[in-house]
Structure formats: structure tokens, C-alpha cells
Protein chains: 2
Amino acid sequence: MTNRHVTIKDIAREAGVSPALVSFVMSNRVAGEQLYRVNPETSKRILEVAEHLHYKPNNSARALRSGKTGTIGVVVSDIANPFFAEIARYLEDDAYHYDYNVIFGSSDENPEKFRRVVNVLLNKGVDGLILVPCAGADETLREIVASGINTVLIDRKVPGLEVSSVVLDNRSAARVIVEKLLSRGARRIDMVSYSMDISSTRDREQGYRDAMEAAGLSDNIHIERVAHNDYACIPDYFREARSRGVEAFMMATNTLSSLVLSEIIRNGFRVPEDYQVARFDRNSVYDFNGHGIIYVRQPVDLFAGKAMKLLMAEIRRKPKQEIPVEEIVLSPEILE
Amino acid sequence: MTNRHVTIKDIAREAGVSPALVSFVMSNRVAGEQLYRVNPETSKRILEVAEHLHYKPNNSARALRSGKTGTIGVVVSDIANPFFAEIARYLEDDAYHYDYNVIFGSSDENPEKFRRVVNVLLNKGVDGLILVPCAGADETLREIVASGINTVLIDRKVPGLEVSSVVLDNRSAARVIVEKLLSRGARRIDMVSYSMDISSTRDREQGYRDAMEAAGLSDNIHIERVAHNDYACIPDYFREARSRGVEAFMMATNTLSSLVLSEIIRNGFRVPEDYQVARFDRNSVYDFNGHGIIYVRQPVDLFAGKAMKLLMAEIRRKPKQEIPVEEIVLSPEILE
DNA sequence: AAAAATAGTTAAATCGTTTTAATATCCCAA
DNA sequence: TTGGGATATTAAAACGATTTAACTATTTTT
């Protein structure tokens, strides 16, 4: 209340130096290739005065002059979805260690909203973007990349886009868990996936096909594609699957498998006695339903860590340096 | 890539007016009590030029000059916790409608980290704060309030602090669900709570006591207080509770009840046949474990909505207007 | 001893807006 | 015709930092 904003000028006056020198000390910066040379004693005095006056740099002024906001924008499908919430949490912590902040946005898997949210973040003036691209956002993504904004994709990649990404080896992961189901004797294995066109689920489908074909079960391949947020069809699907004599389900995501599991149990069946189940992502539900569920654990911490590291490398590169495009593929862990 | 930043000056030149006028039009502002009067035709022309040049206002400059960043800071316990993730999601959407952005931080229920995160947000220059105060953060909170930063507390309130808050009527909610357990015949009802000192769990404990005492069961009152993140003690506790002949559990939170439920089921018991359970917050686990669980549904959307509304009212009040302190208590919904 | 390099510091421009106070124009009443 | 009020517009001063180029000293090299 009492204290008007303390500025660099106040410190300069108090310490008997110029504002410029204070600036140099506060953000120990490089000019050209050289480090600014400040007398250690002067530097110490300035820091003491700053401390004493409770100086807090004004980020807006900094950002205005330097063009860097120290903020990065993150767009996920839905921050309330546990998978993305966890990633968000790691990103938040990682950013902190780089002296950065994070602003989040949720796309709801809607390309129009995706564009809008990205624009809001860009208007805010983020130094970079970490995006979970949603289906149909290719146009927006191309514009972003073309405009030279530092960007890293996460969880899903977009073919033909010159941009770094961090994804899971979804195809192998899916293959392995389906093989596990096969080794347990299941033959009629359905996969439940999303109808939206994103690389992660498409790759998982391919892994499922790989495993089924390798086992000579091409005829048993059945991929049920559910529209995002249209979950009313699950009961019908389950009834139909039962009539086909399905023995096991492989679920592409968290949400889907909760829905199908719920349907299985509502109908009075048990896992794994009546139906085998394999799925992506852990869930507290396992704690209550025996030990029969095979699942893929995604290294959420690495998703965040690698993405942040790539982004920071892009942000910190010298203006004329080439943009390093790197595609990181993370290995899953298969657990029960 | 091609386009250097388009500024207000570019528009002014193109439209043949002064930068000031462009500014007035872009943010249709009030001067003193009066609205700036701009000729509708001029206004239209300026907007057209702006549109045509793809003008994007520079937020840093705006913020520097006006002192408003259009960003609000939110600190929760852990953004990865479903309850807070959902609140975060609503806050994000609500903020958008006020033309604001949100930056999140997680305190991990650690007062030191709470202070640090709040300071990071303040350094960033947020226009206001929405906080879930953690135990032991009273000092930090008092400083915040004393410094006149617009603040609203959510989920938990801090007695003796002159600040608006939005909380659940935790006491009644707890009383009602315990009464439900009682009406189902349970007499030996334990409550599982946190040892940390926050208003929400304390109020819930009081509600539990109210119900037990009203039923003449004062002697059966047992509140098990678990330290945050020290969940290894749950199995011991459960064994001890069994030996006491406990028939029902009332759990103070999401996380706690998942843990206890898991322990119940791991030991081969069933809900509600062997143990009755009542708890706060819904969870997908219910979908898989019968219909016996009584739970309190918190109106998460209202938490966010009311808090944002209060905060906006504070932010938009005239400098000399009094700070309106309002305590909103939300009604829970009791479900099975 | 002169020239060159180095170290330490600063003046002043600049970033893109907002905002205050002033001005210019027109209209109508006195 | 003069003056007062609207109405519409603008010049110019902020806002608080960063950053370039310049300017002293001082030291080193030739």
C-alpha cells in the first residue's frame, strides 16, 4: 500500500549509478558476444540496494522492450482430463526451473476453439507454444509454424509439419499389450478407439492390427470408433460385441476404457474372468478391480520434460541459427 | 515472418488520424466519467484498417502503460488433483468471457511453496488472485490482503482475514451424509480426515460430530487424521478400525476415500454389504462399485463462477471505492 | 611515449500503448 | 458577433525497463 513501485531509477539514484548499470546487473546480460563488465563491488552494492528497497522488476516493461515475455503457452484437449492435468503439472514445474511461466488453454478437440485459444495466447505474447494438436487443426498449425513461433507438439504429431514433437511409441505399445491379451488365450479381441483423426490413436490402431495379423487373426480385427463426447453408443456397442463373442477389449484411452469397463461391470460381468482388458493409461479404478488389467504407462514426466527442453532450445537459439526439428519418441512401460 | 509488428501508428498513418484516436477506438474507453466521443465514421474506418493490417495489440505495452495485465493468478493445491483440475478448467473458461487470462500455480499444501508461487504470479503482474489457501499460509495471506491486491479465496476460508471467499457449506454437507449413514443403520461410524488445518476439513469434521452427537453417539466419534501425502498408514488404520467393529466410513476428500475404499476392497470386503461409505466428491470409481456410496457433489462450476465474479467486481471498482468483502457459501448436493 | 586494448559506466533512444490536457470545429443562444 | 457548449481530434508525456553507442579511465602493447 505504502510503497509506490520501486523502479530501476530509484535503485540507480540510491546507489549513485545510472539506470543502465542497474539493468545490466539485474539481468546479467550479454551484449553482442560479450558479457557486460560490471565492477563486482558496484554490482554488490546495487544488489543490496535493490534487496533493501524490495525491488521487483516490471515484467511488462521488460517484455515491451526485449520482446520476450517469459511465458509459454500450452494448449491441451482438456485440462480437466487427468492425463493432461498431470502433464500440465509437470510443465508448470519444469517451466519454473527455466524461469518461465505457463498459460494453459483447452481446445476441447475442437479445431475452431484450438485456433481461438492459440490466438489468445499469441496475443498475450507467449515466447513459445507447447501444443496437443487436435484433429482438423492442421491449417492453424501450418500457419503457426510458418510464422516462426517456437513450437513443440506433444502426445500427437502431425505428418508433414516441420516442427519438433514428443510422442509415445504408440504402435509398439499397442502391439505389446494386444500380444499380452493373445498370450492369455484371447482370440476375439476388439479395439475401442476414437473416430477423430489424431496420430496417437491411429498409431495405436496400427499396433493392434500388427499384433492381430501376426497372430493370423486378421478376420477378428474389429475397431470400434467412438466420436468424442458421444458416449451414449457404448451400451449398444457392448451388446453387439457380446453377440459377436468378443473375449477381450483393448482401449485406446483413459476415458474410453473407463466407459467400457463400467459397461462390462454394469452388466454383471467380471474382469478378467469374463472379459480380458488392456488399455492405455493408469487409473485409480484398478485399485478396485483386481489385477487382471494390462495397461500402458506413459512417462508423463518425460513428455513434459523433453517438450520443455526442446522448446527452450528453440527459444534460446541465436536469431540466424537454423530451427532444429527433433522428433522424440518415448518408450512406454507395460504393467498390470 | 514477413510482417513486422503492426502498431497503432501504422493504423493511424493509414487511416489519416492520430495514434491516440486509434487507441480510443481499439479499447473503447471512458475518460473520467465521460465516454470518448469518436465519430462513428472515423471509428469504422479505423477498425477496417486495423482488420486489414491484421493488427494485434501489444499486451506488454498496454500493461506497462495502464498497469493492468488482463491476467489473473490462480493457486491451488495441485492442478493434477481432479477436483482442482476441474475448477481450473471452469476458471479458464470464465476468465475468457471477461477478456482475461489465467496463470496457474500449485502449492502442494506447502506454505513455503505457496508463498513462492504467489510471488511468482505477482511478479508476473497479475490483476488479481484466486487462491486455495493452504495450512500455514496465514502470514502470506495477510501480507497479500494488506498490500491491497484483489484476492478471492476458494474452497477454504481463513478466519479473521478481510477477504472474499467462496466455500461449500461443509458442515451441513458432512452432517447430512452422516445422517444418511445413520439412517441406514450404521452406528459405529469413523471419519477419515486430514491432519492439516484447513477450514474445509475442519468444518466437515464438525458436521460429523454434529450428526453423531445428535444421534447420541458421542462415544463412537472417531476422527482419523492422516498427514498429507503420508498414506502408508491407511492399512494399519483399517486393521485397527476393524478391530473396533467400525461399520461405516465417512471420508473428507476424494483422495482419502479412494485410498480407504481400495483398502476395504483389497481386504476382500464389499461396499455397502460389509461397510457403508460416505464421502466428498464424485469419482469414476463409483461406476464400478455398486450403488451404495453416498457422496457430496460440490458445485465446481459455481466455485469458479462466483469466485471470478467477485474478483472482477473488485478489479473493476473505482480506486476510492471500498473493498467489498463477501463470503459466499454454496449448497452441496447429496447423491448416491 | 604513443597507440591500442580493456574495463567500467552512462546518455539517450526505444519498445507500443494509454491518457491528460489542449485544440479545433461547428452550432446555437444571447 | 460573441461566447458557451457540445463534438471530434491530437500532441505529447508518461509507463519502466533494455540496449546501443559513446565516453572515460586505466592498463597493456608496440
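Hydrogens, waters and symmetry mates are skipped; everything else that's a heavy atom, side chains included, is used. Here is the naming used below: chain letters follow the sequence lines, and residue numbers restart at 1 for every chain.
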To the nearest angstrom, how far is B:Lys9 atom NZ from D:dT10 atom P? 15 Å

Below the 4.0 Å mark, does C:dT18 have OP1 or OP2 next to a side-chain nitrogen or oxygen of B:Ser66? no

DNA chain D nearest-nucleotide lookup for A:Arg62 and B:Val17: closer to the 5′ end is B:Val17

Ignoring hydrogens and geometry, is there a side-chain-to-backbone donor-acceptor pair from A:Asp138 to A:Val158 under 3.5 Å? no

Side chain to side chain contact (heavy atoms under 4.5 Å, CB included), paired with A:Pro19, selected from A:Asp10, A:Ile11, A:Ile8: A:Ile8

Among C:dT10, D:dA12, D:dT9, which is the nearest nucleotide to the side chain of B:Ala20? D:dA12

Below the 4.0 Å mark, does C:dT10 have OP1 or OP2 next to a side-chain nitrogen or oxygen of A:Ser18? yes

Between atom CG in A:Asn59 and atom C1' in C:dT17, what is the gap in whole Å? 17 Å

Using side-chain heavy atoms (C-beta onward) and a distance below 4.5 Å, is A:Ile87 in contact with A:Ile154? yes

Comparing nearest nucleotides in DNA chain D, the 5'-proximal residue of the pair B:Arg45, B:Ala61 is B:Arg45

Calculate the interatomic distance between B:Asp10 atom CG and C:dC15 atom P; express it in whole Å. 11 Å

Can you tell me if the side-chain N/O atoms of B:Ser23 get under 4.0 Å from OP1 or OP2 in C:dT19? no

Sugar-phosphate only, base, or nothing, as touched by A:Val22 at under 4.0 Å among non-hydrogen atoms: nothing

Contact check, side chains of A:Leu129 and A:Leu122, non-hydrogen atoms, under 4.5 Å: yes

Can you figure out which of D:dT9, C:dT19, C:dT9 approaches the side chain of A:Thr42 most closely? C:dT9

In whole Å, what is the span from the CG atom of B:Asn39 to the P atom of D:dT7? 12 Å

Please give, in whole Å, the distance from D:dC15 P to A:Ile8 CD1? 15 Å

Does A:His5 place a side-chain N or O at less than 4.0 Å from the phosphate oxygens OP1/OP2 of D:dG16? yes

Whole-Å distance, A:Phe24 CZ to D:dA22 C1', equals 12 Å

Classify the angle between the aromatic ring planes of B:Phe104 and A:Phe104 as parallel (below 30°), tilted (30 to 60°) or perpendicular (above 60°). tilted

Does C:dT17 have its OP1 or OP2 closer than 4.0 Å to a side-chain nitrogen or oxygen of B:Ser60? no

D:dA21 P sits how many Å from A:Leu21 CG, rounded? 19 Å

Taken to the nearest whole Å, NZ/A:Lys68 to P/D:dT18 is 14 Å

Taking atom types as they are modelled, would you say the side chain of B:Arg65 forms a donor-acceptor pair with the base of C:dT17 within the 3.5 Å cutoff? no

